[in-house]
Amino acid sequence: MSKKTGAAIGDISSLEENLGARKAELTAALERLDQEIASDASAKADTAKGIPASLLKRYEALRLRRQGVALVAARSGNCSGCNMNLPPQLYNSLYKGDDLVLCPHCQRMLVLRQDA
């Protein structure tokens, strides 16, 4: 066996060790992410229990239609979902917080976010 062949075998074995270590790290990271997803899913289910079914159904339908974003902030008179100006009376109704307010342009649910 020549020196080059021996060095190449040594390089291959060290690369295989690095590959094994990296694979173990990635497997552990995937398991951790799976646990976080399961935890978040159970937290979502617990939270959803306290929301009226009709509102939850509307939220899920919006989420599917709007690429996963059904609830957006209203800032400075604008919808942050579509960046359109909100009618002043609609924006003022967000301060009351009595009813569900939808953006007239993109139909997303609005929550008030005041800039500090």
Exercise. Quick one: does Tyr95's side chain have a donor or acceptor within less than 3.5 Å of a partner on Leu112's backbone?
Worked result: no
Exercise. Leu19: which other cluster members, linking ILVMFWY side chains closer than 4.5 Å, directly or transitively?
Worked result: none
Exercise. For Asn85, does its backbone N or O pair with a side-chain atom of His105 as donor and acceptor, under 3.5 Å?
Worked result: yes
For this session: Compare all side-chain heavy atoms of Val101 with those of Met109 and state whether any distance is below 4.5 angstrom.
Result: no
Anything under 3.5 Å between a donor and an acceptor, one on a side chain of residues 31-40, the other on a protein residue two or more places apart or in another chain? List them.
{"residue": "Arg32", "atom": "NH1", "partner": "Glu36", "partner atom": "OE2", "Å": "3.4"}

For this session: Give, for atom OG of Ser76 and atom OH of Tyr91, the distance between the pair rounded to the nearest 0.5 Å.
Result: 5.5 Å
Please list, one pair per line, the donor and acceptor atoms closer than 3.5 Å that link side chains of residues 55-73 to other protein atoms, with sequence neighbours excluded.
{"residue": "Glu60", "atom": "OE1", "partner": "Arg63", "partner atom": "NE", "Å": "3.2"}
{"residue": "Glu60", "atom": "OE1", "partner": "Arg63", "partner atom": "NH2", "Å": "2.9"}
{"residue": "Arg66", "atom": "NE", "partner": "Cys106", "partner atom": "O", "Å": "3.0"}
{"residue": "Arg66", "atom": "NH2", "partner": "Cys106", "partner atom": "O", "Å": "2.8"}

For this session: Count the heavy atoms of every other residue, nucleotide or ligand shown that sit under 6.0 Å from CD of Glu25, and state whether that count exceeds 12.
Result: yes
Seminar exercise, completed: In short, Leu90 meets Ser93 closest at the heavy-atom pair O-OG, 2.5 Å
Exercise. What distance do Leu86 atom CG and Arg75 atom CZ have between them, rounded to the nearest 0.5 Å?
Worked result: 12.0 Å
Problem set entry | Side-chain heavy-atom pair Leu110, Leu94 within 4.5 angstrom cut-off | yes
